[in-house]
Each structure stands twice: as C-alpha cells, then as structure tokens.
Amino acid sequence: MAAIGTCVEIAHKLITFPQGKTQTFCNVIKLGTFCRTVVWPCLPPLMMYQYIRAKDEDCYMTEVLYYKSGSKDSKAFYDTSRIGISGHWRIQQDMETIRAAANQE
C-alpha cells in the first residue's frame with residue numbers, strides 16, 4: 001500500500017513540476033499563447049483540407065469503378081436520391097447484406 005502512495009506522489013510531482021519555478025511558469029504561458037495564436041488557427045483549415053482530399057479520393061475511385069465496369073447505370077454506384085452516405089455502392093451492398101440476414105425466411 002505504501003508503494004502505491006509513493007507512485008501517486010511521484011505522479012503528482014511530475015504533473016505539478018512546471019509550476020515550480022517562475023521562469024518555467026513564464027515559458028508555459030508563452031507556449032500557451034503560441035498555441036492559441038499560431039497552432040489552433042491552423043488546425044481547422046488543415047482538417048478541412050484532409051476531409052476534402054479524402055472525399056475527393058473516394059469520389060474519384062467510385063468514378064473509376066463506374067467507368068471500368070462499362071455500366072450505363074450510374075445510380076448503381078452512387079445513388080444521389082439517398083440521404084447522406086447511404087447512396088455509396090459499398091454502403092448499399094452492406095445494407096442489402098444486413099437486410100437479407102435480418103429477413104431470412
């Protein structure tokens with residue numbers, strides 16, 4: 001039991017260490033200011049860029065699959081009348097598999 005107390009005490013000292021000296025406290029404030037003014041404003045555009053890139057890649061792959069299949073029915077690959085992502089061919093296939101398993105006769 002004493003060992004657990006010692007471990008908790010060491011963990012607490014490691015967490016509260018940056019508040020130990022005045023210079024360290026000032027460095028923590030500077031780092032926080034840097035993060036608020038430089039890092040955080042850069043994150044939303046980067047996240048949007050990654051989302052658009054992933055979405056574009058997915059749409060491109062669907063178009064390539066449609067082209068190489070030789071099919072004339074584009075709704076078989078991406079049905080725009082369905083809500084959200086449920087129009088994607090892979091989601092349609094998965095939903096049909098679930099529907100068939102759930103409604104066995």
Side-chain angles (χ1 to χ4, degrees):
M1 206 58 164
I4 294 173
T6 305
C7 290
V8 170
E9 185 179 344
I10 291 172
H12 181 263
K13 285 181 181 179
L14 287 173
I15 292 171
T16 58
F17 172 73
Q19 298 175 1
K21 298 178 184 170
T22 308
Q23 186 60 38
T24 309
F25 187 69
C26 288
N27 287 339
V28 168
I29 292 173
K30 288 178 186 175
L31 182 65
T33 304
F34 176 76
C35 286
R36 274 194 312 274
T37 57
V38 177
V39 176
W40 288 120
C42 293
L43 285 180
L46 286 174
M47 291 168 56
M48 282 299 292
Y49 174 71
Q50 289 296 334
Y51 171 77
I52 291 169
R53 237 177 99 191
K55 190 76 169 165
D56 187 42
E57 184 179 341
D58 185 42
C59 291
Y60 174 73
M61 290 298 176
T62 304
E63 288 176 15
V64 168
L65 181 64
Y66 169 65
Y67 174 75
K68 291 196 180 231
S69 72
S71 175
K72 299 295 178 200
D73 183 24
S74 62
K75 297 258 185 196
F77 294 93
Y78 195 86
D79 190 0
T80 54
S81 66
R82 292 182 177 233
I83 297 172
I85 196 170
S86 65
H88 193 276
W89 70 275
R90 192 72 180 163
I91 301 292
Q92 290 178 20
Q93 182 183 18
D94 293 345
M95 292 303 289
E96 188 57 40
T97 304
I98 293 169
R99 195 175 300 115
N103 298 325
Q104 289 181 351
E105 292 180 16

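Numbering of residues begins at 1 and proceeds along the displayed sequence.
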- L31 side, atom CG; R36 side, atom CZ - distance, nearest 0.5 Å: 10.0 Å

- State whether the number of non-hydrogen atoms from other residues, nucleotides or ligands found under 6.0 Å of E57 atom CD is greater than 12. no

- Task: Each residue besides L46 in its hydrophobic cluster should be listed here, by chain and number; the cluster joins Ile, Leu, Val, Met, Phe, Trp and Tyr at side-chain heavy-atom distances under 4.5 Å.
- Result: none

- For P45 and P41, the nearest pair of non-hydrogen atoms, with its separation, is CD-O, 3.3 Å

- Atom pair CG (L43) and CH2 (W40), whose distance is rounded to the nearest 0.5 Å: 5.5 Å

- Please round to the nearest 0.5 Å and tell me the distance separating atom CD1 of I98 and atom CG of N103. 11.5 Å

- Task: Look up atom CZ in R53 and atom CD in Q50, then write down how far apart they are to the nearest 0.5 Å.
- Result: 5.5 Å

